[in-house]
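In what follows, a structure is listed as structure tokens, so that the remarks can point back to it.
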Amino acid sequence: MSENLEKLCKTLLTEIGENPEREGLVRTPTRYIKAIKELTAGYDQTVEEIVGTAIFEEDISEMVLVKNIEFYSLCEHHILPFFGKAHVAYIPNGKIIGLSKIPRIVKMFARRLQVQERLTEDITKSLNELLQPHGVACMIEASHMCTMMRGIQAQNSKMVTNSMKGQFLKSPMTRDEFLSLANG
Ligand code: ZN
């Protein structure tokens with residue numbers, strides 16, 4: 001597997017006009033494959049594995065918000081990075097999740113080839129299934145290298161996506177509270 005990938009990377013280097021045998025590039029295929037495997041390690045993980053036993057019964061019904069979760073992902077259209085921050089909230093319905101688990105879930109889904117819209121949805125969908133909360137919301141703001149470095153070179157534009165379920169979808173007040181906390 002790795003050998004094939006290294007060959008592929010060598011071919012890529014040759015095709016763009018490089019000499020894969022020159023000193024600086026000799027070990028690049030090995031390094032590149034190692035990096036790309038790390039950046040897509042989310043394929044080998046599951047939410048269940050990450051969460052383990054960190055779900056607790058608790059009689060809380062106030063919004064829980066985890067802000068500014070940094071993530072790095074790869075867009076599936078160009079295999080170029082997009083990165084930014086995710087804000088995730090839920091309203092418990094008898095169950096809460098260990099707080100460190102939410103950033104880990106975000107990272108797991110980010111370490112797959114993604115489009116930002118689906119990444120946002122993957123996060124709310126998995127928390128919805130895990131916790132059956134009154135509601136769950138995710139907002140992601142990200143910069144995409146494929147638009148920043150190529151074509152229109154929109155360096156400062158950020159893409160914002162939202163996914164809302166349950167109470168966040170039904171109640172404009174809950175939704176506004178989340179958005180102002182996330183933006184504030
Ligand atoms: Zn792209």
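As the structure lists them, so they are numbered: ligands from 1, and atoms in each ligand from 1.
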- Task: Please confirm whether Phe71 and Phe83 have ring centers closer than 6.0 angstrom.
- Result: no
- Item | N, O or S from His77 under 2.8 Å to the Zn ion (ligand 1) | no
- Task: Using the side chain to side chain donor-acceptor pair (under 3.5 Å) rule, take Thr161 and Gln116 through it: C-alpha gap first, then chi angles, then the decisive distance, then the call.
- Result: CA-CA 7 Å; Thr161 46; Gln116 186 178 325; 3.0 Å; yes
- Short side-chain donor-acceptor distance under 3.5 Å, Ser73 and Gln114: no
- the Zn ion (ligand 1) - name of the N/O/S atom of His78 that sits closest to it: ND1
- Is there a donor-acceptor pair under 3.5 Å between the side chain of Lys95 and the backbone N or O of Ile55? no
- Message: Only to 10 degrees, please: what angle do the SG atom of Cys75 and the SG atom of Cys146 make about the Zn ion (ligand 1)?
- Response: 120°
- Do any N/O/S atoms of His144 come under 2.8 Å of the Zn ion (ligand 1)? no
